[in-house]
Amino acid sequence: MDFLTHKVYADDFQMEYLQFGHGKNTLVILPGLSVQSVIPLAPMIVKRYEIFTEDFTVYILDRRLTVPPVYSIHDMAEDTVKVLKQLKLKDISLFGTSQGGMIAMTIAAEYPELVKNLVLCSTAMRVDEKRFSVIDEWIGLAKKQDCYRLYLSMGENIFPKQYFEKIKDAFCYASKTVTNDELNRFIVLAKSIRNFNIEDKFSNITCPVFLANDEKDNVFGKEPTLEMENALRSNPHLQVEWYNGFGHVLYDTAPDFQSKMYKFLITHNS
């Protein structure tokens with residue numbers, strides 16, 4: 001299936017993005033925290049979201065290429081909005097996973113005119129020290145430049161055990177390709193999650209919302225999704241999906257996630 005990778009220039013930064021599909025609706029995906037860009041995984045991503053390509057034009061936006069020493073989730077949201085406006089995207093379906101979910105909910109709360117509906121997976125509207133503990137471990141390993149243990153810890157915490165055993169060798173081999181610049185960028189991006197809190201603005205999100213999480217999410221746990229569900233209880237177009245045994249990256253491992261998300265977005269794009 002055809003896809004395009006581009007680089008957009010906005011103000012004083014550059015951001016890479018992946019584009020595929022040819023539908024009249026627009027889906028923007030904001031991926032979670034990663035050491036290396038997901039853009040080179042384009043063929044795999046396009047295949048996973050193939051169900052969307054007839055009805056949606058899909059954009060996957062990475063973080064900006066060069067990050068400042070301190071770069072908050074709010075800053076990431078502002079930069080993402082600049083790119084959305086540069087690309088002339090509006091009335092979007094916005095899907096964010098993990099850190100990408102934090103960026104997505106910030107955009108939906110502060111720029112509701114841009115977002116038609118919202119999908120949040122394996123994320124949180126507030127992060128205390130307990131919820132930050134796994135990511136704090138990753139930051140420590142990155143600071144030590146211990147890429148092997150960093151990738152091992154990430155794999156063990158985001159994937160189901162049996163799933164990770166199948167890809168462990170390839171995943172850890174990828175750790176050998178990490179550059180110092182990528183590690184430094186990762187540390188800045190990861191630090192932004194500490195003390196993230198948009199609880200006071202979460203009620204501004206009034207568009208249809210699809211929440212998904214795994215009962216045994218090893219990164220943030222299940223409580224953040226329960227909090228978001230409670231905060232959105234008055235939303236008549238709230239859908240919540242719970243999984244069990246698919247891990248933090250259930251959007252990659254649960255076989256029915258894309259179809260459920262697609263059905264939700266099509267229903268609320270008509």
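Below, each value reflects all heavy atoms present in this structure, side chains not excepted, and no hydrogens, waters or symmetry copies. The residues of the chain are indexed from 1 along the displayed sequence.
- You'll find the side chain of Leu120 stays beyond 4.5 Å of the side chain of Phe210, heavy atoms only.
- In this view, Asp136 and Arg194 satisfy the salt bridge (charged side-chain N to carboxylate O under 4.0 Å, His left out) rule, not counting sequence neighbours.
- Within the structure, the ring-ring contact (aromatic ring centres under 6.0 Å, His included) test picks out no pair touching residues 101-142 (sequence neighbours left out).
- Counting non-hydrogen atoms of neighbouring residues, nucleotides and ligands closer than 6.0 angstrom, the NZ atom of Lys144 reaches no more than 12 such neighbours.
- Evaluation of the salt bridge (charged side-chain N to carboxylate O under 4.0 Å, His left out) rule for Arg131 yields Glu227 as partners, not counting sequence neighbours.
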Test salt bridge (Lys or Arg N to Asp or Glu O under 4.0 Å) on Lys24 and Asp55; report intermediate values, then the result. CA-CA 6 Å; Lys24 64 178 183 178; Asp55 296 292; over 6 Å; no
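- For Glu16, the salt bridge (charged side-chain N to carboxylate O under 4.0 Å, His left out) test picks out no residue, with sequence neighbours left out.
- At distances below 3.5 Å, not a single donor-acceptor pair connects side-chain atoms of Arg185 with backbone N or O atoms of Glu182.
- Partners of Lys90 under the salt bridge (charged side-chain N to carboxylate O under 4.0 Å, His left out) rule, at least two apart in sequence or in another chain, do not exist in this structure.
- Residue pairs satisfying the side chain to side chain donor-acceptor pair (under 3.5 Å) criterion with at least one member in residues 160-178, sequence neighbours excluded, are listed as follows: Gln36-Thr177.
- In this structure Ser98 satisfies the side chain to side chain contact (heavy atoms under 4.5 Å, CB included) test together with Phe220, His248, sequence neighbours excluded.
- For the salt bridge (Lys or Arg N to Asp or Glu O under 4.0 Å) condition, the pairs that include at least one residue of residues 40-49, sequence neighbours left out, are Arg48-Asp252.
- Within the structure, ring-ring contact (aromatic ring centres under 6.0 Å, His included) pairs that include any residue of residues 22-56 comprise Tyr49-Phe52, Phe52-Phe56, Phe52-Tyr262 (at least two apart or interchain).
- Residues passing the side chain to side chain contact (heavy atoms under 4.5 Å, CB included) test with Pro68, sequence neighbours excluded: Arg64, Tyr71.
- In this model, a donor atom of one side chain and an acceptor atom of the other lie less than 3.5 Å apart for Ser153 and Glu137.
- If you check the side chains of Gln99 and Ser34, you find no donor sitting under 3.5 Å from an acceptor.
- When the shell of 6.0 Å around NZ of Lys82 is examined, it contains more than 12 heavy atoms from other residues, nucleotides or ligands.
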Under 3.5 Å, which donor-acceptor pairs do the side chains of residues 239-246 form with other protein atoms, sequence neighbours left out?
{"unit_1": "Gln239", "atom_1": "NE2", "unit_2": "Glu241", "atom_2": "OE2", "d": "3.0"}
{"unit_1": "Glu241", "atom_1": "OE1", "unit_2": "Lys260", "atom_2": "NZ", "d": "3.1"}
{"unit_1": "Tyr243", "atom_1": "OH", "unit_2": "Asp256", "atom_2": "OD1", "d": "3.1"}
{"unit_1": "Asn244", "atom_1": "OD1", "unit_2": "Lys216", "atom_2": "NZ", "d": "2.8"}

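- For Thr97, the side chain to side chain contact (heavy atoms under 4.5 Å, CB included) criterion is met by Phe95, Cys121, Tyr251, not counting sequence neighbours.
- Defined by atom type and a distance below 3.5 Å, a donor-acceptor pair is missing between the side-chain atoms of Ser93 and Asn25.
- When atom types are taken as modelled, the side chain of Asn117 and the backbone of Cys207 share no donor-acceptor pair closer than 3.5 angstrom.
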